[in-house]
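For reference, positions follow the sequence shown, starting with 1.
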Amino acid sequence: MNRFQRIVVRALGLSTRRFEAASGRRWGGLADQRFGSYGPETIGATDAIRRRARAAVANNPWAGNGVGALTGNIVGAGITPTAQHPAEETRRAITAAFNAWAAICDADGLTDFFGLQAAATRAMIVDGEAFVRLIWTDGGLKLQLVPAELVDLAHTVELGDGARIIAGIEFNAAGERVAYYVRPMDPTSVFETHLPPVRIPAADMLHLFRPLGPGQVRGVSWLAPVLIRADELDQLEDALLVGVKVAAMHAGFLIDQNNTGGTPYDGVTTGSILESGLEPGVLKVLPGGYDIRFSTPQQAQQTVDFAKLQLRGIAAGLGVPEYMLTGDLSGANYSSLRAGLIEFRRRVEAIQFHTIIPQLLRPIWNRFVTVQMLTGEIDATDLDAAKACEFVPPAEQWVDPEKDVNATTKMIAAGLTSRRRAVAAQGYAVEDLDDEITADREREARAGLSFGERETANVA
């Protein structure tokens, strides 16, 4: 937290002690662990936690792997928007126009629409929040990912008549977000600058974060519950490594009880250190007056079990199964994997449909469709009908494909689900899949092939 932010924090009576990750240490007991309103608590802690979370992801393998697992499962190859206009021709035109725009929508020219999804989701996990700006360029509508630190956390002002600016976000009297204040700083600059922030209308800025409670204005890193635990695990590994190095430094001590001088073993002596003198499996007789004692440093007990417990705590804090954090599948089987994946996928689905889609994807889709209609690229008259969209998450990999396919087939046959929903669960739009199947059958017929018939006969 910089000097200006500390002044604002003190002026508003905020504190960072409620988040242990912000203070950098554990608190003694429940009496010290009081948590106030979400608004001031998160504002006071977000900057310190964000910086520590970035360092942890860059240096701690467990934190980095956990963030990668979350990003990969939430977004994967990308959540695909599918137009739902009632007219098939218009629906196909909207989908085709969006697919063409998605490939070139990144203002920085580094990735596409789906890559921006992954980048914004990763920023939300690590930084606690992500900002995406919608800008108009010579090439049309573009998306630009804005670093969280550029939205001025220290900019808090009362505007009068109930309007106010809180942590760089302007609210009207009704509590609606109307603008964001972004500092024009070069993110690649070596020295941090504090130029006056620029006001950007809220319609042109998307704020992606997972709210912890009502009244929250800025996001908090998802690593907040595990930063201290991850740091302590690093310290444990360092301590064990030092202990092993110390144990390997001393082989033994020769005690010349009669002060006769010399060494009873052959070898090279450097100062008072005999660099070679004992070999594996060799028994030697010491001359009279000599005694030998070996160094036996005490090693920490039950360290492996304790380290595993710490890793389970980190996995639980991030909300991922332990094997996704550690990559250790030695104790996993079909039942345990399926049980863990069901709960994890339920959490992922909630993040997709409660956070990613409403805060990021739907506003982008609505802006794109509106621009397309205003520029005449889409021949449609009803804007609401053109905005109708279904967002299809990426396909989930099966634990046991044969069992899952049989279960899905029986559910469709029994009327417990629709084929559209079953196809959508695999990350496809049913219309696109039907077109592909039709094209395959026509091509097979022209070539005199019958893969589908032979496969059906074998199954029967």
Side-chain angles (χ1 to χ4, degrees), residues 19-21 24 49-79 111 114-130 145 147-148 208-210 219-241 303-334 336-352 355-356 393-399:
F19 281 92
E20 291 180 344
I49 296 178
R50 177 174 63 237
R51 294 173 183 269
R52 288 170 178 160
R54 287 180 178 180
V57 173
N59 297 286
N60 185 287
W62 316 118
N65 198 37
V67 170
L70 281 172
T71 305
N73 281 274
I74 293 173
V75 177
I79 300 175
T111 183
F114 304 103
L116 282 173
Q117 286 185 35
T121 301
R122 187 181 187 278
M124 176 181 64
I125 296 170
V126 178
D127 297 346
E129 56 189 353
L145 192 62
L208 179 65
F209 74 104
R210 183 176 63 177
V220 176
S221 172
W222 295 16
L223 279 76
V226 303
L227 284 177
I228 294 180
R229 189 178 295 269
D231 179 65
E232 290 177 343
L233 183 58
D234 281 343
Q235 294 181 43
L236 172 64
E237 292 179 355
D238 292 341
L240 292 175
L241 181 60
T303 52
V304 174
D305 293 338
F306 180 74
K308 289 183 177 179
L309 180 63
Q310 293 290 91
L311 289 172
R312 292 191 190 102
I314 295 174
L318 286 175
V320 300
E322 183 185 357
Y323 74 88
M324 288 189 181
L325 186 76
T326 63
D328 182 10
L329 291 168
S330 58
N333 53 41
Y334 174 79
S336 63
L337 284 177
R338 185 173 179 82
L341 280 176
I342 288 175
E343 176 62 26
F344 178 63
R345 287 175 176 174
R346 187 180 292 115
R347 290 189 178 188
V348 166
E349 190 176 49
I351 296 169
Q352 291 169 341
T355 303
I356 306 292
E396 295 177 349
Q397 299 297 320
W398 287 318
V399 178

**Q** Can a salt bridge be assigned to the pair E343 and R347 using a cut-off of 4.0 Å between side-chain N and carboxylate O?
**A**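 Judged by the 4.0 Å cut-off on N to carboxylate O distance, E343 and R347 do form a salt bridge.
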**Q** Give me the atom names and distance for the closest heavy-atom approach of L236 to F306.
**A**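 Taking L236 first and F306 second, the nearest heavy atoms are CD2-CD2, 3.6 Å.
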**Q** What closest approach, in Å, do P225 and G317 show between heavy atoms, and which atom pair accounts for it?
**A**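 Taking every non-hydrogen atom into account, CG-O, 4.3 Å.
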**Q** Does the side chain of V67 come within less than 4.5 Å of L223's, by heavy atoms?
**A**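 Yes - at least one pair of side-chain heavy atoms lies under 4.5 Å apart.
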**Q** Rounded to the nearest 0.5 Å, what's the gap from NZ on K308 to CD on E322? Could you check?
**A**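 These two atoms lie 8.0 Å from each other.
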**Q** Just so I know, are the side chains of F344 and M324 near enough to count as touching, which here means a heavy-atom distance under 4.5 Å?
**A**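 Contact flag for F344/M324 side chains = yes.
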**Q** With rounding to the nearest 0.5 angstrom, report the CG to CZ distance, L311 to R229.
**A**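 So the gap between those two atoms works out to 10.0 Å.
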**Q** Indicate the atoms forming the closest heavy-atom contact of G115 with T111, along with that distance.
**A**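 Shortest heavy-atom contact: CA-OG1, 3.1 Å.
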**Q** Restricting to non-hydrogen atoms, name the atom on G313 and the atom on V226 that form the minimum distance, rounded to 0.1 Å.
**A**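 Taking every non-hydrogen atom into account, O-CG1, 4.1 Å.
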**Q** Restricting to non-hydrogen atoms, name the atom on G78 and the atom on P394 that form the minimum distance, rounded to 0.1 Å.
**A**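 Looks like O-CD, 3.8 Å.
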**Q** Measure the CG-CZ distance between L325 and R312 for me, rounded to the nearest 0.5 Å.
**A**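 That separation rounds to 12.0 Å.
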**Q** Tell me whether Q352 contacts the main-chain N or O of V75 through its side chain, where contact means a donor paired with an acceptor under 3.5 Å.
**A**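 No; judged by distance alone, with no hydrogens or angles, the pair does not exist.
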**Q** Heavy atoms only: give me the nearest W62-T326 pair and the separation to one decimal.
**A**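 Distance-wise, the nearest heavy atoms are CZ3-CA, 4.0 Å.
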**Q** Between N73 (side chain only) and A69 (backbone N and O only), is there a donor and an acceptor less than 3.5 Å apart?
**A**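 Answer holds: yes.
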**Q** Measuring from L116:CG to F114:CZ, what's the distance to the nearest 0.5 Å?
**A**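 Interatomic distance, L116 CG to F114 CZ, rounded to 0.5 Å: 10.5 Å.
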**Q** Starting at CD1 of I314, measure out to CG of L309 and round the result to the nearest 0.5 Å.
**A**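 Taking CD1 in I314 and CG in L309, the distance rounds to 10.0 Å.
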**Q** Show the atom names and distances, to 0.1 Å, of all donor-acceptor pairs under 3.5 Å that link a side chain in residues 118-128 to residues at least two apart or in another chain.
**A**
{"residue": "T121", "atom": "OG1", "partner": "Q117", "partner atom": "O", "Å": "2.8"}
{"residue": "D127", "atom": "OD1", "partner": "R54", "partner atom": "NE", "Å": "2.9"}
{"residue": "D127", "atom": "OD2", "partner": "R54", "partner atom": "NH2", "Å": "2.9"}

**Q** Just verifying a value: how many Å separate Q310 CD and D231 CG, rounded to the nearest 0.5 Å?
**A**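 Going from CD on Q310 over to CG on D231, the span is 11.0 Å.
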